[in-house]
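Take a look at the structure below.
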Number of protein chains: 2
Amino acid sequence: MTRDPDDGVELLWREKEHEPRRGLTTGRIVRAAVELADAEGLEGLSMRKVADRLGFTTMSLYRHVPGREQLIELMLDEVMGEHPRPQEGEAGWRTRLEAVARQAWELRRRHPWMAEVRGTRHLPGPNGVAHYDHMLAALAGTSLRPPEVIAAIALIGRFVDAEALVLVETQREERRSGVSEQEWWGARESLYERLDRYPTLTHLWENGGWDHPEDSFEFGLARVLDGIEALVHQRDETRYEICQECGTPLEPAPSGRPRVYCSRACRQRAYRNRKGS
Amino acid sequence: MTRDPDDGVELLWREKEHEPRRGLTTGRIVRAAVELADAEGLEGLSMRKVADRLGFTTMSLYRHVPGREQLIELMLDEVMGEHPRPQEGEAGWRTRLEAVARQAWELRRRHPWMAEVRGTRHLPGPNGVAHYDHMLAALAGTSLRPPEVIAAIALIGRFVDAEALVLVETQREERRSGVSEQEWWGARESLYERLDRYPTLTHLWENGGWDHPEDSFEFGLARVLDGIEALVHQRDETRYEICQECGTPLEPAPSGRPRVYCSRACRQRAYRNRKGS
DNA sequence: ACTACTTCGTGTACGGCATAAACACGGAAG
DNA sequence: CTTCCGTGTTTATGCCGTACACGAAGTAGT
């Protein structure tokens with residue numbers, strides 16, 4: 001359906017359909033697919049199984065959804081809507097950023113398949129954009145330059161996704177094999193026999209490096225936030241620089257927020273130029 | 001072949017076979033598979049195509065390799081062998097760690113499919129262990145505690161993999177569609193029309209946040225290293241703590257390296273206890 | 001030299017996947 | 001009443017990993 005002139009933007013941003021009592025709907029398909037993926041992971045998500053779950057034939061889905069890929073995009077935006085309402089406390093940027101990272105982490109614990117979605121050209125739906133805006137807001141008030149704000153948020157996002165990915169993989173393998181990760185690695189005797197020749201490895205082993213491992217998400221989040229904090233401090237010190245449009249030195253803004261242009265005129269000129277290109 | 005009592009450790013750690021003039025070999029299969037995956041990505045790697053490339057039937061591969069999954073593990077260790085010889089310069093930990101991260105990054109640029117491999121139970125082969133040991137060594141000399149060393153290295157590894165993953169995905173989509181990432185996103189007019197209502201997004205947009213984006217790998221690597229550095233400084237200040245075995249306060253070690261146990265007796269006791277469990 | 005056994009490669013077949021294309025049916029519009 | 005369109009179905013194509021039965025060829029034992 002909807003031979004899309006613009007790749008399915010319309011499908012993602014469609015307003016809510018009034019769902020008929022019976023029959024298929026995009027919304028119903030998406031929800032069934034989310035349930036299925038929650039239970040079986042993304043690779044267990046097949047058009048057949050979604051259709052079965054709804055009591056229709058496989059091909060019927062294609063009347064409402066262009067294909068599997070698009071279905072996954074719809075699923076993503078669907079679950080993005082589960083994010084809690086952004087509450088506008090005036091906490092510091094680090095508190096807010098940490099909170100936002102934990103929310104993303106929570107969401108991926110509820111829907112582990114989110115981390116398994118591949119591809120860089122996913123159009124954001126309304127829920128996705130709202131959440132992205134919310135994340136950016138946590139850093140936009142700092143002295144970071146705009147591209148740094150964006151890169152930092154992307155870094156946090158990739159970090160959470162990477163952690164979620166290893167989590168879902170360990171869980172899947174534990175379920176499939178019935179053997180816990182610790183047990184499995186503990187039973188690899190024939191591997192450990194060969195590790196004596198590696199000095200650092202044995203040194204860390206003898207000093208209990210693997211006895212009480214760090215929580216990987218907590219450790220990594222703290223490190224990444226520390227790293228961003230270091231950059232923020234650095235930028236705080238060299239806060240006042242030059243206008244991005246005309247190059248004259250910038251005065252400190254009375255609001256304390258970072259400035260980019262020296263005057264409204266410059267800002268508008270830059271904006272027009274960008275629009276033209 | 002090789003119905004493995006211990007899941008293929010033997011296959012990974014096999015000594016080099018003398019390869020007969022003609023006929024199949026595990027090594028030949030692995031190398032052909034690496035070539036194929038380099039060219040077509042991991043999802044383009046099929047047993048049929050590997051066999052075709054070698055001029056044999058599909059099923060012949062199964063005489064030398066248990067299945068696709070094991071083949072991928074073999075491929076991983078194969079390319080791990082391409083890491084440059086670790087040179088023992090006495091640089092600082094940060095320099096060494098950065099170098100090691102860049103090496104891993106380089107390797108993933110040569111073999112993008114490495115980042116696409118999923119699963120947490122990959123047995124390391126000899127090359128993999130050597131590289132892991134080398135990475136750990138970069139941090140083992142600092143005041144970080146052993147579990148922190150391990151977690152930090154894991155963090156770096158996941159960071160590199162995550163970056164490599166988005167890189168390979170953009171490249172694949174660019175090749176498949178013939179449209180560059182920038183062009184594609186630039187052409188999503190019908191999306192941008194809807195973004196006015198999001199304040200931070202438009203603020204950053206107007207201030208040129210997307211005009212000259214940060215290099216994602218460089219930015220992230222710097223942040224993560226900064227984050228680890230912050231932890232190292234923190235540990236430097238509280239370096240001398242208590243013996244992990246008996247709990248008595250630790251004296252500073254003459255070598256300046258971090259200590260874990262107060263005496264050789266405690267260290268040996270701890271080692272014996274761990275072995276027993 | 002003859003036999004039994006192992007090793008290696010082949011051919012066929014099964015069940016799973018996404019999806020293209022043609023078709024069937026029911027209700028609304030002309 | 002006819003036409004058309006939205007919706008669901010049927011059938012078929014071409015991928016995939018791999019189980020299984022078989023054949024050919026080499027090797028060891030007698």
Side-chain angles (χ1 to χ4, degrees), chain A residues 1-4 7-8 10-11 14 17-30 32-33 36-37 39-75 113 116-119 176, chain B residues 1-4 8 10-11 14 17-30 32-33 36-37 39-75 113 116-119 172 176:
Chain A
M1 79 151 323
T2 319
R3 274 278 144 264
D4 237 343
D7 283 293
E10 279 74 12
L11 198 52
R14 88 209 115 101
E17 45 220 335
H18 66 298
E19 308 216 324
R21 197 153 303 269
R22 77 178 99 267
L24 278 174
T25 322
T26 307
R28 288 213 249 264
I29 292 173
V30 172
L36 213 175
E40 302 194 23
L42 201 65
E43 82 174 10
L45 174 84
S46 77
M47 302 299 271
R48 292 202 207 314
K49 288 194 220 165
V50 174
D52 282 356
R53 178 172 285 246
L54 289 164
F56 290 85
T57 55
T58 309
M59 291 309 293
S60 65
L61 305 185
Y62 287 85
R63 289 280 171 207
H64 302 87
V65 158
R68 196 183 115 110
E69 290 228 332
Q70 285 278 351
L71 173 57
I72 291 174
E73 289 200 359
L74 290 166
M75 293 164 62
W113 51 267
E116 305 183 89
V117 178
R118 300 271 62 92
R176 194 168 45 112
Chain B
M1 78 150 321
T2 318
R3 276 277 145 263
D4 238 342
E10 278 75 13
L11 198 53
R14 89 208 116 102
E17 44 219 336
H18 65 299
E19 310 217 323
R21 199 153 302 271
R22 77 179 102 269
L24 278 175
T25 322
T26 307
R28 288 211 248 264
I29 293 173
V30 171
L36 212 175
E40 301 193 26
L42 202 64
E43 84 174 10
L45 175 83
S46 77
M47 301 300 271
R48 291 195 200 327
K49 287 194 221 166
V50 174
D52 281 356
R53 179 173 285 247
L54 288 164
F56 289 86
T57 55
T58 310
M59 290 311 292
S60 65
L61 305 185
Y62 287 86
R63 289 279 172 208
H64 303 85
V65 160
R68 195 183 117 110
E69 290 229 331
Q70 285 278 349
L71 174 57
I72 292 174
E73 289 201 358
L74 289 167
M75 293 164 62
W113 51 267
E116 304 183 89
V117 178
R118 300 269 64 90
R172 173 170 14 270
R176 195 168 45 113

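In the text below, chain A, chain B and the rest are named by the order of the sequence lines, each starting its count at 1.
- No contact: B:L54 has no heavy atom under 4.0 Å from any strand.
- Contact between the side-chain N/O atoms of B:R63 and the OP1/OP2 oxygens of C:dG9 is not found at any separation under 4.0 Å.
- Remark: C1' of C:dG26 and CG of A:L24 are 16 Å apart, rounded to the nearest angstrom.
- Atom pair B:D52:CG and D:dG17:C1' shows a separation of 15 Å (rounding to whole Å applied).
- Between B:T57 and C:dG11 there is no side-chain N or O to OP1 or OP2 distance below 4.0 Å.
- Where B:S60 and A:K49 meet DNA chain C, the nucleotide closest to each residue was compared, and B:S60 sits on the side nearer the 5' end.
- Atom-to-atom, CE of B:M59 to P of C:dG9 comes out at 13 Å; the value is rounded to the nearest Å.
- B:R48 contributes a side-chain N or O that forms a donor-acceptor pair with the base of D:dG17 under 3.5 Å.
- Taking 4.0 Å as the cut-off between side-chain N and carboxylate O, A:E116 and B:R118 do not count as a salt-bridged pair.
- Minimum heavy-atom separation, B:L36 to B:S46: CD1-O, 4.5 Å.
- One can place CG of B:L71 at 12 Å from C1' of D:dG17, the figure rounded to the nearest angstrom.
- Here the straight-line distance linking atom CG of A:L54 with atom CG of A:L24 works out to 6.0 Å at 0.5 Å rounding.
- With rounding to whole Å, B:R68 atom CZ is found 15 Å from D:dA19 atom P.
- What separates CG of B:L61 from P of D:dA19 is a distance of 13 Å, to the nearest Å.
- From B:L11, atom CG reaches atom CG of B:L74 across 4.5 Å, with rounding to the nearest 0.5 Å.
- Taking only side-chain atoms of B:H64, from C-beta outward, the nucleotide of C:dT10, D:dT18, C:dC8 with the closest atom is C:dC8.
- Separating the OH atom of B:Y62 from the C1' atom of C:dG11 is a distance of 15 Å, rounded to the nearest angstrom.
- Put simply, CZ on B:R48 and OG1 on B:T58 are 5.0 Å apart, with the number rounded to the nearest 0.5 Å.
- B:E40 places its CD atom 12 Å from the P atom of D:dC15, with the value rounded to the nearest Å.
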